[in-house]
Amino acid sequence: MPEDQPRVLTASVHDFRYFAALLRGVNFANRASVSITADGFTVTVEEARCLTATAFVFSHVFDEFVYNPDAARPSQPSQLSQNDEDDELTATAFEIPLNALMDCLNIFGTAGLASGASQKKKKAQDDGEDSDGGRARGVRSNGKGKGRADADDAGGNARLDQWFAPGKGTGMRMSYAGPGHPLTLLVAEESGGPTATCEITTWDPEPRLELAFDSDAAVLKIILKSSWLRDALSEIDPSTEKLTIIGNPPPPPGRAARSSAPPCFRLRAVGQFGSTEMDYPNDREVLETCECAHSVSFT
């Protein structure tokens, strides 16, 4: 993409692991819809017309976030955000293969690594080991290794220093020029290290499943760490035929719960070899939010 090409979106971050973690949570379907506004963008996936998941990526996640909807051609499909009727924001929408985006982010194998593991990886690269994560299918990649001292590399590193802080993990610069253009990613482990440029094909957005949800009519609201719920579900016997979610009202504020009181949140699994119950107490370290007016259960 030419440097003077106007861009609808330009965003960069010195360590994209948090960004990758957000996308990983909705990476159960390949085709994803991306909607960009001045406040950030959303990534929405759909499965079998019965399940939708949305990752909200706010602009403050990035070190640099510039949204310029006027850079798109007049034929750019747009939609009006319904979040604020008094302040309508124009959103730019397109679709991408989410698996290809995740492969690009992990091209150096650092998308989900801790900082200590990243340092070990850097040391392995300094020792001459090949640690390239390979090319993502359907994208174009261009790698630059260390040790090149020609003028082009000197100029390129000077530009990278503007976007990536050296020695702070794997950075990313993302740009999108509008309909008909790919989503471009520049991934670099450090400003003077190897870089990879990936171009991901984009498609026109298609209508998505709209699930009507009235928060005022909700009878149970639970907020807890997703990893704790995942661990509980992973321990359920695979032969389980029914899973029941049970909610009970928390004790009034300022009053301790009785020892005989039922748990605020319970999972009950019934299978061929018996039943299993897992309880979550009404503790702020366990349940960040528990709203339940009366006992309810869903199977």
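Hydrogens, waters and symmetry mates play no part in the numbers below; they use all other heavy atoms, side chains included.
Using a 4.5 Å cut-off on side-chain heavy atoms (C-beta onward), T44 and E46 make no contact. Between E189 and P194 the shortest side-chain heavy-atom distance falls below 4.5 Å. A heavy-atom distance below 4.5 Å is not found between the side chains of T201 and I96. Between F94 and D204 the shortest side-chain heavy-atom distance does not fall below 4.5 Å. By the 4.5 Å heavy-atom criterion applied to side chains, V187 and T170 are counted as neighbours.
With hydrophobic clusters built from ILVMFWY side chains whose heavy atoms lie under 4.5 angstrom apart, V43 shares a cluster with L51. Under the 4.5 Å side-chain contact rule for hydrophobic residues, V66 and V8 do not share a cluster. Cluster annotation: F65 and Y18 are assigned to the same hydrophobic cluster (Ile/Leu/Val/Met/Phe/Trp/Tyr, side-chain heavy-atom contacts under 4.5 Å, transitive). At a threshold of 4.5 Å between side-chain heavy atoms, the hydrophobic network of Ile, Leu, Val, Met, Phe, Trp and Tyr places L22 and F28 in one connected group.
Not one N or O on the side chain of D279 forms a donor-acceptor pair closer than 3.5 Å with the backbone of P263. Side-chain atoms of N248 never come within 3.5 Å of backbone atoms of S295 as a donor-acceptor pair (strictly under, hydrogens ignored). Within the 3.5 Å criterion, the main-chain N or O of H181 finds a donor-acceptor partner in the side chain of T202. Remark: side-chain polar atoms of D63 are paired, donor with acceptor, to backbone N or O of H14 under 3.5 angstrom. Although no hydrogens or angles enter the test, the distance criterion places a donor-acceptor pair under 3.5 Å between the side chain of E95 and the main chain of E206.
The OG atom of S297 sits 11.5 Å away from atom CZ of R266, with the distance rounded to the nearest 0.5 Å. Atom CE of M174 is separated from atom CG of L186 by 12.0 Å, given to the nearest 0.5 angstrom. Of the inter-residue distances, the one linking D103 atom CG with N99 atom CG reads 6.5 Å to the nearest 0.5 angstrom. Note that CG of L105 is 6.0 Å distant from CG of L185, once rounded to the nearest 0.5 Å. Once rounded to the nearest 0.5 Å, the distance linking CD of E47 with OG1 of T52 reads 11.5 Å. Note that CG of L98 and CD1 of I200 are 9.0 Å apart. Values are rounded to the nearest 0.5 Å.
The side chain to side chain donor-acceptor pair (under 3.5 Å) contacts involving residues 229-238 comprise D237-S239, where partners must be two or more places apart or lie in separate chains.
A donor atom on one side chain and an acceptor atom on the other are not found under 3.5 Å apart for T92 and Y176.
Taking the six-membered ring for Trp and the full ring otherwise, the centers of F41 and F58 sit at least 6.0 Å from each other.
For the pair E288 and K225, the salt-bridge criterion is not met [side-chain N within less than 4.0 Å of a carboxylate O].
Residue V219 belongs to a hydrophobic cluster whose other members are L220, I222, L224, W228, L229, L233, I236, L243, I245, F265, L267, M278, Y280, V286, L287, V296, F298, with links defined by side-chain heavy atoms closer than 4.5 Å. Here I223 is tied to no hydrophobic group at all, with no ILVMFWY side chain closer than 4.5 Å.
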